[in-house]
**Student:** 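I have a structure I would like to understand better, so I am pasting it below and will then ask my questions one at a time.
For the numbers below, each heavy atom of this structure counts, side chains included, while hydrogens, waters and symmetry mates do not.
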Amino acid sequence: MGTPQNPPTATAASFSPAGGIASALRWFSRSRRRYGMEWWIMVAGVVVIAAILTMTVFPRLFTRFDPNDQNAGGQMVAPGRAHIMGTDNLSRDVWARVVYGARTILGVAIAAALVSALIGIPLGLLSGFAGGVFDRVLSLIMDSVYSFPGLILAIAFAAMLGPGVVNITLAVAVVYIPTYFRLVRGQTLSIKEEVYVEAARAIGARRATILGRYVFPNVIATVVVVLSLNIADAIMTEAALSYIGLGLPAGIPDWGMDLSMGKKFLPSGMWWMITFPGLMIMLLALGFTMLGEGLAEILNPRLLER
Amino acid sequence: MPVTEKTILDVQDLSIAYPISIGVVKAVEGVSFTLDDGEALGVVGESGCGKSTMGLSLLKLQRPPGRVTGGRIMYRGTDILGMGDRNLLRLRGQKISMIFQNPLTSLNPLDTVEHHFLETIHFHDPGMPREKALAAVEKMMETLGIEKKRLKEYPHQLSGGMRQRIMIGLALIMNPDILIADEPTTSLDVIVEAGFTELLQGLRSLYKLSIILITHNLGLVAEIADRIAVMYAGRLMEVATTEDIFARPLHPYTQGLIACVPNIQADQKELVCMPGSPPDLVEPPRGCRFAPRCPKVMPICRQETPRLVEHAPGHSAACWLYGKRPS
Amino acid sequence: MSGAQRLISATDLVKEFPLRGTIFDAFSPKRRSVHAVDHVSFTIGEGEVLGLAGESGSGKSTTGRLLLRLIEPTSGVVEYRGRNVTSFSPREMESLRAKAQIVFQDPNSSLSPRMSVGQAITHPLQIHGVGTPSERRERVLDLMEKVGLSPAPFLYRKYPHQLSGGQSQRVVLARALVTQPDFLVADEPIAMADVSVRALILQLMRQLKQDMGLTYLFITHDLATAKYLCDRIAVMYLGRIVEIASRDDLFTRPHHPYTRSLLAAVPVPDPRARRDKKLPKGEIPSAIDPPSGCHFHPRCPFAVARCREARPPLREISAGHFSACILD
């Protein structure tokens, strides 16, 4: 008694974006003194993501080359002073392709994660809260989708929908809807039994209010963490899809596509075409993973059970 | 309490702390008491006072990151805190046993009652033949007042009261000297609790046990304990015979505690309350830890910590109201 | 009790929880269920504190919830000021919720971890559309001071995990009282609190009852506490009321053998107290297959053959003192 415990999460303070960001920053600065390893892992993740985000927003800061310019320099030039990551078989600057490719992959991954969250979370809430036949049927559908190997499902959808950034986003999104659904449904099921939900009924709250003000805010904490890890996964899926050649039209720079192009030239010793995009994919996914895992440890060590 | 030839447990200046993210919690500080052969000592306090932490440390069971930061626990001349693992295993369950609050989680759901007993016996006395062990187990069941057919059942098939009896049986099957009971009746219904208390009294005389009873239940200690030690915020506030504690409590905290408990046999018009709550144990207040809430606080209380000093025969209190200032 | 003074009345309340067994049970003639509340009737007068005492499995908590229809009764009638609550429409129930409230046992799980103290206490006012936001805030701050949550503006912004046990329970009390109800069901409100905090909460409840003109149903397993706070006490065993009497009558002239055992078993914080050694044998039987006739007969030291046959009715022993035991 008398000793303070964990601080409130930033998301709890208020739902207005400005208020949310302000309290997130406040919590951020206060947390520094409290935590060890998890803090630094999270910070490392944030740094990586921030760096790559800057790349997407201000590509001109990083390179003066155009990623589709097929006359950037010589053909298959090794990394050196003029081209720090070399040029590819079409004489395009690899570093420029990396910088501009960040937009594509990050955009698709984040958009896909958001779409699946926006669909999966409400469905999970309703299903868990309502129960009954509705819940059973929806769970069955979601479990079936979930049991499909994710990549194969994404490939199937991408092939069905055809090429295009929106289509590839949707293809990736579909794979993760069950993830959010199951997570939120599980949380809802257990929170539904909590005394404070019964107390909310006792004060006269309607079911919708209970769902919105009592259940949802308590569920959201886990979701924030999963979102970050989900984006990491989505990055890998998007890269895989474009590696296979599905989804994106030729003109858009993409790391996955560059991977598959560079593969051909590796045996002849030209390693830079495949290595750099590969490293970037890994780095970006790692960044989101570190953010997610670090956040999970800090917010509640018991939250995620692996 | 002075150490006599009847003393079997002598706790000297025990301190336990555990680190948390913002500092170190000084859960137990400078606790000293003795336990005589055949005596029942009640350790009384509210949650967070450190009594359970202290109880666990008596068998060196405190969980990391908690650790003993000072003091000795002398059992028959040996310091328990200095014991190696092998000696500790011979100590626990055999010489000193402990039972806890929740018997359901203390028992293995996959083992029958009989198996629990046999396993315990086998661990401490591998040489004992099975028939002899079984005979001992059946005798114990009889003492506990449980039918023998229950031996083949699993913990979930038993009621809470029965489980707690099994726990005591397991604790006493090797005939230890000391039994430490940490809130043994808190999870039990009133009538079951009364039955359990009766059983404990019976077992005490049958096995010539010494008992350390850790609880917040004043009614329980009034019935069982010979002496009572009152803990608050990690320190001992008062130690005396049960009669003295209830009839002539010296420490204002003890007085407050007794006055605020509803007594079914007394005619209480008003319960006297103690406002406030226990202090922060990471940065405890200077001086007496009860000073912020004490109705009889004096200036010195906030400056110097009072020591546990004997003010009447067999009656010690850590309070400046009675002691002289140390020179 | 005259009709005008009666605030709450429960008539023949029954609650059975069906048990979902294996497939084979579906074919058996008797569907197994937990008989949590078995034809319970009582009334509570305005301004009175009725204690509902019993051990685990007695059905006391379920009864409390039935009164507020947090659980639907299997059968039976609950009346509030003479009106039949059991047949209220959802809208009528909503307005009842402003008048009849409940406080639970564990304050920490009764509060949403994501709502601040102020938000939690204000929410009932929002639901019932009381006042403007600033009026609500004023009212909540006033109430917080009244229940001892001081300084109110400071604690208003705190979250449950930042509060002590005593403070949390005060928040729960404030939330229950903010709509100025007449009736409060208190389900073991101090069981989880520290010893010194219990006295504070009991004092507070007494004070609030006087200041706000409340009526309580005080559910507890601790008869010592019931003695302190209650005017009348009903003792429950395995879903039935076995005795109901005024506080003085119950403690000085207990009639039912179960009540007597319960009283004898309560630990007394006084070393001079000697307990009457005769305790009922055995333990509380299962509520799924309770004993026939009087539920207590297998354990009762005075049981006779007739006790096994029929359920003893609650009969009047003396004025206002009822006992469900056929013996004298």
**Student:** Give, for atom CD1 of A:Ile210 and atom OG of C:Ser112, the distance between the pair rounded to the nearest 0.5 Å.
**Tutor:** 11.5 Å
**Student:** Please answer whether the main-chain N or O of A:Arg201 pairs with a side-chain N or O of C:Arg97 as donor and acceptor at a distance below 3.5 Å.
**Tutor:** yes
**Student:** Nearest heavy-atom pair of A:Asn218 and C:Pro113: which atoms, and what distance?
**Tutor:** OD1-CD, 3.2 Å
**Student:** Please look at C:Gln105 and chain A and tell me whether the side chain, the backbone, both or neither of the residue comes under 4.5 angstrom of a heavy atom of that chain.
**Tutor:** neither
**Student:** Please determine whether the number of non-hydrogen atoms from other residues, nucleotides or ligands lying under 6.0 Å from atom CE of A:Met236 exceeds 12.
**Tutor:** no
**Student:** What's the separation between atom OH in A:Tyr196 and atom CZ in C:Arg114, rounded to the nearest 0.5 Å?
**Tutor:** 8.0 Å
**Student:** Counting distance only, does the side-chain N/O of A:Glu194 pair as donor-acceptor with the main-chain N or O of C:Ser109 below 3.5 Å?
**Tutor:** no
**Student:** Does atom CZ of A:Phe148 have more than 12 heavy-atom neighbours, drawn from other residues, nucleotides or ligands, at distances under 6.0 Å?
**Tutor:** no
**Student:** Using every non-hydrogen atom in the two residues, find where A:Ala199 and C:Ser110 come nearest and quote the distance to one decimal.
**Tutor:** CB-O, 3.9 Å
**Student:** For a 4.5 angstrom cut-off between non-hydrogen side-chain atoms, does A:Thr209 reach C:His123?
**Tutor:** yes
**Student:** For a 4.5 angstrom cut-off between non-hydrogen side-chain atoms, does C:Ile127 reach A:Ile203?
**Tutor:** yes
**Student:** C:Arg69 versus chain A, heavy atoms under 4.5 Å apart: side chain, backbone, both or neither?
**Tutor:** backbone
**Student:** If I measure from the heavy atoms of chain C, does A:Arg213 come under 4.5 Å with its side chain, its backbone, both, or neither?
**Tutor:** both
